[in-house]
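We name chains A, B, ... by the order of the sequence lines, and we start the count at 1 in each one. Not measured: the values here are computed from a predicted model.
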Amino acid sequence: MARTLLCEIVTPERIVYTNEVEMVIAPTLDGEIGILPLHAPLVTVLRAGELRVRYNDNKDVEWFAISGGYLQVHEDKVIVLADAAEHSSRVDVERARTAKEFAEQRMAEMKDKPLAEREGIDECEADLKWCEIQLQVAERRS
Amino acid sequence: MPNLRDIKQRIVSVQSTSQITRTMEMVATAKIKKAQERIESARPYAFAMMEVLQNVARYVQGASHPLLEEHPERQRIVVVTITSDRGLCGAFNSNILRITEELVRDEAAEGVSADIIAVGKKAIGYLRYRGIEPVAAYRDISDKPTFADARSIAASIIGRYGAGEIDAAYIVFNRFKNVAEQKAETYQLLPVERRVMESDGDENSLRAEYLFEPTAAEVLEHLLPTYVETLVYRALMESAASEHGARRTAMKSASDNASEMITTLTRSYNRARQAAITTEIAEIVGGAAALEEA
């Protein structure tokens, strides 16, 4: 049995996932980072993207959609603080698709406006990104 | 002598009111439980967030960040006022609105103008009635606040603080002490108080040498706004739980008053009925006696 680390994914609303895993691969601002047991203490900022954990001698993989957040490693414990997180099997594809269309529409509307009137464009862009990642992760379902 | 039928009618009306208050009491009891669970499930995130924040703060000694900087002059502040969307919850909303008004008045006395962000229909209605237009208003979120709601509230104050438009931000909300007790409180959101970043005890777990990606300062820059968001989220959730608690207490005393009233009314109903019977008998006896004499 390989050495493991405890991975916890928490959002402000609930604990999404906790399990003993062998590797955590998370999307940081500067690219993906892979964390193995005995990793040095680390704090990093995550961007919106896909996070995956491997366990059972690296045979099993689980995928999560993460909307950005933080990751802390300390003594074989990885805490992922995500603004929002969803397991690949729990993504509501229908809803994500509708939300994506809605966000795209709003983005298109805002493009025509002068810069000063583009209030909430960042939020809208983040929404759009979040929907895309959810859909992308949903594809990973085995 | 009160009319028998009038008393009967009052009893019926009090009874139907007490049925409503009793139901509301039970509904509120069930909702407190759910709201409490929501507060509980937010705890792991809040704890981990504090831990990360304190870790980062140790590495960025004398950290400077726009959200930490106190502005030298106070000219304009923002007050986030959290009330409920519905009434019938005792002094829940009036306490909040009173504190908000006091705060605004005190600041005004020092020449500081205050913008109000109103959460809940009660605050919106009250402020409009007073001729104060809130800079932002949120309704229908007080029952089940989401993190996205908190984020949208926090985003506007963070943006304005960073731009130097406002010099402080406060949040006024009901803190949930237990099911029977709420306390209206004011909390400073911005600038972020430095003491929250100081680690409390347990130095051993904090001794570890941390790596930061990209750098400690940059992590802090991302972390502080999120910290403010979680503060707002927490206040929203505490207020939701408090609202149900306050409603339960108010409805319980209403139900108790109603049953007391029914007891009193029933008593006077019986007395009135007895009096009517006595009068009737007296009349019959009197009538019979009059006939005999004749």
Side-chain angles (χ1 to χ4, degrees), chain A residues 6-18 24 26-35 38-48 66-86 99 103 118-127 130-131, chain B residues 37-60 136 144-152 154-156 159 204-227 229-234 236-237:
Chain A
L6 178 67
C7 175
E8 257 184 27
I9 303 175
V10 290
T11 69
E13 275 150 21
R14 68 203 160 94
I15 297 176
V16 178
Y17 181 77
T18 90
V24 180
T28 73
L29 292 179
D30 305 326
E32 283 199 315
I33 185 171
I35 291 153
L38 297 174
H39 196 286
L42 165 80
V43 174
T44 179
V45 181
L46 301 182
R47 63 174 163 75
I66 300 276
S67 74
Y70 312 92
L71 179 146
Q72 175 176 277
V73 189
H74 184 63
E75 284 175 2
D76 280 353
K77 186 176 175 194
V78 179
I79 304 175
V80 178
L81 292 166
D83 303 332
E86 207 65 78
R118 289 187 187 176
E119 200 177 313
I121 193 159
D122 294 343
E123 231 171 280
C124 195
E125 219 172 337
D127 277 354
W130 172 231
C131 294
Chain B
E37 280 167 13
R38 288 162 68 88
I39 294 180
E40 283 302 317
S41 56
R43 202 154 282 168
Y45 184 90
F47 270 135
M49 158 71 65
M50 284 312 293
E51 198 186 314
V52 174
L53 188 60
Q54 287 166 0
N55 275 332
V56 177
R58 277 184 319 121
Y59 283 87
V60 197
K144 264 197 192 139
T146 65
F147 191 60
D149 298 328
R151 174 160 260 199
S152 129
S156 74
N204 281 339
S205 70
L206 298 168
R207 267 288 139 72
E209 285 293 311
Y210 275 87
L211 301 171
F212 292 93
E213 194 77 38
T215 63
E218 250 169 288
V219 173
L220 186 67
E221 202 184 307
H222 281 91
L223 209 50
L224 281 172
T226 318
Y227 172 71
E229 285 163 9
T230 55
L231 284 181
V232 176
Y233 182 56
R234 169 123 196 136
L236 284 175
M237 279 193 310

What part of [X] gets closer than 4.5 Å to chain A, counting heavy atoms only: side chain, backbone, both or neither?
| X | answer |
| --- | --- |
| B:Thr146 | both |
| B:Phe212 | both |
| B:Arg151 | side chain |

Inset, instruction - I would like to know whether B:Tyr233 and A:Glu13 meet side chain to side chain contact (heavy atoms under 4.5 Å, CB included); could you show each step before the answer? - result: CA-CA 9 Å; B:Tyr233 182 56; A:Glu13 275 150 21; 2.8 Å; yes
Inset, instruction - Under 4.5 Å heavy-atom distance to chain B, tell me which part of A:Ala82 shows up: side chain, backbone, both or neither. - result: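 Only the backbone of A:Ala82 comes within 4.5 Å of chain B.
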Go through [options] and name the one with the most non-hydrogen pairs under 4.5 angstrom from chain B.
| options | value |
| --- | --- |
| A:Val10, A:Leu42, A:Leu29 | A:Leu42 |
| A:Leu81, A:Thr28, A:Asp30 | A:Leu81 |
| A:Ile79, A:Leu71, A:Val45 | A:Val45 |

Legend entry - 4.5 Å side-chain heavy-atom contact, B:Tyr210 and A:His74: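 Touching, per the 4.5 Å side-chain cut-off.
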Legend entry - Atom pair CZ (B:Arg43) and CD1 (A:Ile15), whose distance is rounded to the nearest 0.5 Å: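 Here the interatomic distance stands at 12.0 Å.
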Legend entry - Crowding at NE2, B:His222 (>12 non-hydrogen neighbours, <6.0 Å):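 No.
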